[in-house]
Amino acid sequence: MLTTKNGYLFENGKPFFWLGDTAWLIYENLDERGAEEYIRNRAELGFNVLQTVLLYSLPNKKGITDGMPVKGKNIFCEEYFAFVQKVFDIAKKYNIYIALLPCWGSYVKSNVLKLEDIPRFSDFLVNRFAHNENLIWVLGGDVKGDVNLALFNALGSALKQKDGKHLITFHPFGRTFSARWFNEEKWLDFNMFQSGHRRYDQMNLNAWDDYTAQYYGEDNWKYVEEHKNFKTFKPCLDAEPSYEGIIQGLHDKNEPYWEACDVRRYAYWSVFEGACGFTYGNNAIIQFYTQSLPYGAYGVREDWHTALHAEGGGQLHYLKKLFEGVDFTKGAPCPNLLVSPQKERYHRISVFAGKDYLFVYTYAGDCFEISLEHFKGKKVAAYWFNPASGAKSYIGTFEGKGSMAFRPTKRRELSNDWALILKA
């Protein structure tokens, strides 16, 4: 079972680094064989959480229990819910948690799910799924919390009261943060933010998903920084950064795609700022796209079977292993150890340190100077760490005093991101 403490997650008392994958439509678009293939692949790549949505397609009529067929299933019938349970069972076999979002935010915005439905709906959810040890509740679903604060608070409180064993969080609208609405609510155990799919220069696209009230652009680490200003400090993570293989800005197919190097940047920036983990997403996998489907969203460019082997999805377990190799729950971002001037945007240098280690991440491969006083009186071994391959290359051993400049080697790739590892 998962618990929280000091801004991090723990599993049976041991630190738990959340490495999630976005599998929103697994119940609607996969069968048991496909689910087994997908989940085994993700488990072997180090993923330990899958974000899924129980009810995504809106029913034909107003009302939470009205039926709607989806690919031969009726999403409100026994066959459908039995398949959802089967996915839980497969995930448990591979030691993966299911982050279950009961219904997408459109249900709330369209008034299909109403406040008066919450007692009955929460009873159904708890009776049907709370016996699963590998369950995490996720409210929201790409929606702002203030669309219906009373409803979300009622559902969160009901799940906490009737279940009480499993963690609860909230998946918010693009470029927003659950903490802004619910951080002090007792039912919310940890926070999610959605840094989203837009570049620095795409603040306003005159599209349905514009939200410019607090625009950080690609600087997803700023949500973690913002989180430290709230009264109660809870774990947080980027639950929807830019998906690999999705159009930048979502709407214009003439725009370029987000690629593996962008995925790594969002992951390292947020985790080095103190996030409790990171959720990956791939445009083909979130919708489990195949050519047999009538259309693909957001310029999807490949079948989900092919997307299983995308570069970014296969590289994030290097970050997970890096952090699992140290006591990361007692570490913290340490920008004060950066001696050279801090830069902005793609040239930002991120620093995270614990008692006997220090990590530095540079997305652009810039030279930087780091204080070694963190290791005063000790010998320090230095390594370059390649986030694209997981390779660790020894640099040398130095005295823990003064400061030292480090310049990464230029890689023959599109990107040149590197991490520096210092260990006493």
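Note that the structure is predicted; figures quoted are calculated from it, not measured. For the numbers below, each heavy atom of this structure counts, side chains included, while hydrogens, waters and symmetry mates do not.
- Residues satisfying the ring pair (Phe, Tyr, Trp, His ring centres under 6.0 Å) criterion with Y289, sequence neighbours excluded, are absent altogether.
- Taking the six-membered ring for Trp, Y383 and Y394 have ring centres closer than 6.0 Å.
- Heavy atoms of other residues, nucleotides or ligands lying less than 6.0 angstrom from CZ of R411 number more than 12.
- Inter-residue side-chain proximity for H251 and D209 is flagged as met; some heavy-atom pair is nearer than 4.5 Å.
- Annotation: side chain of W181 is in contact with side chain of T176 (closest heavy-atom distance under 4.5 Å).
- Classification of D201 and R199 as a salt-bridged pair holds, one side-chain N sitting under 4.0 Å from a carboxylate O.
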| message | Using the rule given for salt bridge (charged side-chain N to carboxylate O under 4.0 Å, His left out), can you reason through R40 versus E44, listing the C-alpha separation, both sets of side-chain angles and the distance that settles it, and then say yes or no? | response | CA-CA 6 Å; R40 175 174 175 173; E44 295 191 5; 2.9 Å; yes
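- A donor and an acceptor atom, one from each side chain of W104 and D142, are nowhere located under 3.5 Å apart.
- One distance of note links CZ of F385 with NZ of K392; it measures 9.0 Å at 0.5 Å rounding.
- For R348 and W221, the positive end sits near the middle of the six-membered ring, less than 6.0 Å away and at most 45° from its axis.
- With no hydrogens or angles considered, no side-chain donor-acceptor pair links Y257 and N283 at under 3.5 Å.
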Please table the atom pairs, donor to acceptor, closer than 3.5 Å between any side-chain atom in residues 325-336 and protein atoms at least two apart or in another chain.
residue : atom : partner : partner atom : Å
D327    : OD1  : T329    : OG1          : 3.0

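- For the pair S389 (side chain) and A391 (backbone), a donor-acceptor distance under 3.5 Å is present.
- A salt bridge between D117 and R120 is present, with a side-chain N of the basic residue lying under 4.0 Å from a carboxylate O of the acidic one.
- A salt bridge links R265 to D262: at least one charged side-chain nitrogen sits closer than 4.0 Å to a carboxylate oxygen.
- The closest side-chain donor-acceptor pair between H197 and Q202, if any, does not fall under 3.5 angstrom.
- With respect to the salt-bridge test (charged N to carboxylate O, under 4.0 angstrom), the residues D189 and K160 qualify.
- Salt-bridge formation is not detected for the pair R198/E255: no Lys NZ or Arg NE/NH1/NH2 atom is positioned less than 4.0 Å from an Asp or Glu carboxylate oxygen.
- Residues W137 and L100 meet the side-chain proximity criterion, which asks for heavy atoms closer than 4.5 Å.
- Put simply, the side chain of W384 never gets that close to the backbone of P408: no donor and acceptor are under 3.5 Å apart.
- Q194 contributes no side-chain N or O that, together with a main-chain N or O of E240, makes up a donor-acceptor pair within less than 3.5 Å.
- A donor-acceptor pair is defined here as one N or O able to donate and one able to accept, closer than 3.5 Å; no such pair exists between the side chain of K86 and the backbone of E32.
- The backbone N or O of L237 sits nowhere less than 3.5 Å from a side-chain atom of N191 that would complete a donor-acceptor pair.
- Judged purely by distance below 3.5 Å, without hydrogens or angles, the side chains of Q214 and Y216 pair a donor atom with an acceptor atom.
- Side-chain N/O atoms of Y298 and Q287 include no donor and acceptor closer than 3.5 Å.
- Judged by distance alone, with hydrogens and angles left aside, the side-chain atoms of S270 form a donor-acceptor pair with the main-chain N or O of A267 at under 3.5 Å.
- Relative to the six-membered ring of F81, R128 misses at least one condition, a distance below 6.0 Å or an angle of at most 45° to the axis.
- Proximity of a side-chain donor or acceptor of D210 to a complementary backbone N or O of L205 within less than 3.5 Å is detected.
- Salt bridge annotation for E36-K93: present, with a cationic side-chain nitrogen under 4.0 angstrom from a carboxylate oxygen.
- In summary, of the residues considered (F230, F190, F233), a side-chain contact (heavy atoms from CB on, under 4.5 Å) with N183 occurs for F230 alone.
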